[in-house]
**Student:** 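Dropping a structure here in structure tokens format, bear with me for questions.
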Amino acid sequence: MVGSRRIGGLMYRRNECIAKASTCRENAHGDPTRHDYWIDEAIVWHQRAIDARREYAAIPFNRAFTMQKFFFDMKDGVPMRDRIGIEFNTNAEAISHCKEIAQDFRDNSLRDDQDLEILVVNESGKEIYREFVHREPE
């Protein structure tokens, strides 16, 4: 019983985070002077939704290797820079996270913006991956 309440609570929290991310994206389109701020907030809320979906976090015991920060820029005609970033051990982990964000947008976005894409940029500023959210790869 306790486990099912926890899962239900996580799903409610996830849906709440998705709704807040959607509101932030709407605010970004309606408030061009604070566009970057609202997109940063939307990314944070989407990350929280993804985290709520995960039941357990995989934390390595050995932190001897260096974590690298990756940024998840969004582009739908106008680039929206991720100013916060998230640390991952490898490029593959960052790319996997990008795919989760894109899937979350596909599943929960009220729009079908064919130009919306997510770019994974490493801390050196090099783009390592790009994924269109609502368009098949060419």
Side-chain angles (χ1 to χ4, degrees):
M1 185 74 164
V2 173
S4 64
R5 263 191 269 150
R6 181 170 186 263
I7 292 170
L10 288 174
M11 288 307 292
Y12 174 78
R13 181 171 163 244
R14 180 177 178 273
N15 292 339
E16 192 175 24
C17 292
I18 290 168
K20 288 183 180 186
S22 234
T23 300
C24 290
R25 278 188 48 81
E26 291 298 321
N27 288 345
H29 289 289
D31 185 4
T33 58
R34 297 184 66 205
H35 186 266
D36 289 346
Y37 167 79
W38 286 116
I39 292 302
D40 288 346
E41 288 296 306
I43 291 168
V44 168
W45 283 109
H46 271 283
Q47 178 59 47
R48 288 177 182 163
I50 290 167
D51 290 344
R53 184 172 47 192
R54 295 180 181 145
E55 192 160 340
Y56 300 103
I59 301 171
F61 293 112
N62 181 2
R63 292 250 177 191
F65 46 86
T66 305
M67 302 281 280
Q68 184 179 176
K69 190 171 265 196
F70 293 89
F71 300 90
F72 299 87
D73 296 348
M74 299 182 75
K75 189 173 164 187
D76 62 352
V78 177
M80 297 163 268
R81 301 285 303 173
D82 172 9
R83 299 183 197 295
I84 300 166
I86 302 171
E87 289 186 338
F88 291 99
N89 295 320
T90 65
N91 288 357
E93 289 178 359
I95 291 168
S96 176
H97 180 72
C98 175
K99 290 179 180 186
E100 288 179 8
I101 294 171
Q103 186 63 49
D104 219 36
F105 268 103
R106 278 190 283 278
D107 293 345
N108 300 298
S109 180
L110 300 177
R111 295 188 190 155
D112 188 15
D113 185 356
Q114 293 295 307
D115 293 329
L116 181 61
E117 59 185 317
I118 302 171
L119 291 74
V120 181
V121 179
N122 67 17
E123 59 192 1
S124 302
K126 181 180 176 191
E127 179 184 321
I128 63 163
Y129 183 75
R130 171 185 301 236
E131 179 159 338
F132 282 96
V133 174
H134 297 289
R135 190 187 320 168
E136 291 296 319
E138 298 172 347

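Throughout, numbering of the chain's residues begins at 1 and tracks the sequence.
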**Student:** Apply side-chain contact (heavy atoms from CB on, under 4.5 Å) to A102 and list each qualifying residue two or more places apart in sequence or on a separate chain.
**Tutor:**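 For A102, the residues satisfying side-chain contact (heavy atoms from CB on, under 4.5 Å) (neighbours in sequence not counted) are R106, I118, E131, V133.
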**Student:** Decide side chain to side chain contact (heavy atoms under 4.5 Å, CB included) for F70 and E93; before the verdict, give the C-alpha distance in whole Å, the side-chain angles of both, and the deciding distance to 0.1 Å.
**Tutor:** CA-CA 10 Å; F70 293 89; E93 289 178 359; over 6 Å; no
**Student:** Residues two or more places apart in sequence or in another chain: which of them pass ring pair (Phe, Tyr, Trp, His ring centres under 6.0 Å) with F88?
**Tutor:**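 For F88, the residues satisfying ring pair (Phe, Tyr, Trp, His ring centres under 6.0 Å) (neighbours in sequence not counted) are H97.
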**Student:** Who pairs with S96 by side-chain contact (heavy atoms from CB on, under 4.5 Å), at least two apart in sequence or on another chain?
**Tutor:**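 With neighbours one apart ignored, the set is E100.
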**Student:** Give a yes or no on whether the backbone of D104 and the side-chain of N108 come within a donor-acceptor separation of less than 3.5 Å.
**Tutor:**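 Side chain of N108 to backbone of D104, a donor-acceptor pair under 3.5 Å: yes, one is there.
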**Student:** Looking at M74 and I43, what are the two nearest heavy atoms and their distance?
**Tutor:**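 Where M74 meets I43 most closely, the heavy atoms are SD-CG1, 3.9 Å.
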**Student:** Determine, using the 4.5 Å side-chain heavy-atom cutoff (strictly less than), whether V121 and I101 are members of one ILVMFWY cluster.
**Tutor:**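 Each belongs to a different hydrophobic cluster.
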**Student:** What distance do N91 atom CG and N122 atom CG have between them, rounded to the nearest 0.5 Å?
**Tutor:**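 Taking CG in N91 and CG in N122, the distance rounds to 6.5 Å.
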**Student:** Can you tell me how far apart NE2 (H29) and CG (D76) are? Round to the nearest 0.5 Å.
**Tutor:**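 Answer rounded to 0.5 Å: 5.0 Å.
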**Student:** Yes or no on side chain to side chain contact (heavy atoms under 4.5 Å, CB included) for F72 and L119, after CA distance, side-chain angles and deciding distance?
**Tutor:** CA-CA 6 Å; F72 299 87; L119 291 74; over 6 Å; no
**Student:** Taking the side chain from D82 and the backbone from F71, do they hold a donor-acceptor pair closer than 3.5 Å?
**Tutor:**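 Between the backbone of F71 and the side chain of D82 there is no qualifying donor-acceptor contact (under 3.5 Å).
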**Student:** Indicate the atoms forming the closest heavy-atom contact of R25 with A42, along with that distance.
**Tutor:**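 Looking at all heavy atoms of both residues, the shortest contact is CG-CB, 3.8 Å.
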**Student:** Under the side chain to side chain contact (heavy atoms under 4.5 Å, CB included) criterion, do M80 and D73 qualify, and how do the steps go?
**Tutor:** CA-CA 6 Å; M80 297 163 268; D73 296 348; over 6 Å; no
**Student:** Determine whether a donor-acceptor pair (N or O, by modelled atom type, separation under 3.5 Å) exists between the side chain of N89 and the backbone of M67.
**Tutor:**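 Not confirmed, N89 side chain does not pair with M67 backbone.
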**Student:** D36 and side chain to side chain contact (heavy atoms under 4.5 Å, CB included): which partner among R81, R83, E41?
**Tutor:**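 The residue from R81, R83, E41 that satisfies side chain to side chain contact (heavy atoms under 4.5 Å, CB included) with D36 turns out to be R83.
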**Student:** Rounded at 0.5 Å granularity, tell me how far NZ in K75 sits from CD in E117.
**Tutor:**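 If we round to the nearest 0.5 Å, K75:NZ and E117:CD are 5.0 Å apart.
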**Student:** Do the side chains of Y129 and F105 join up, straight or via other hydrophobic residues, at under 4.5 Å, putting them in one cluster?
**Tutor:**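 Both belong to a single hydrophobic cluster.
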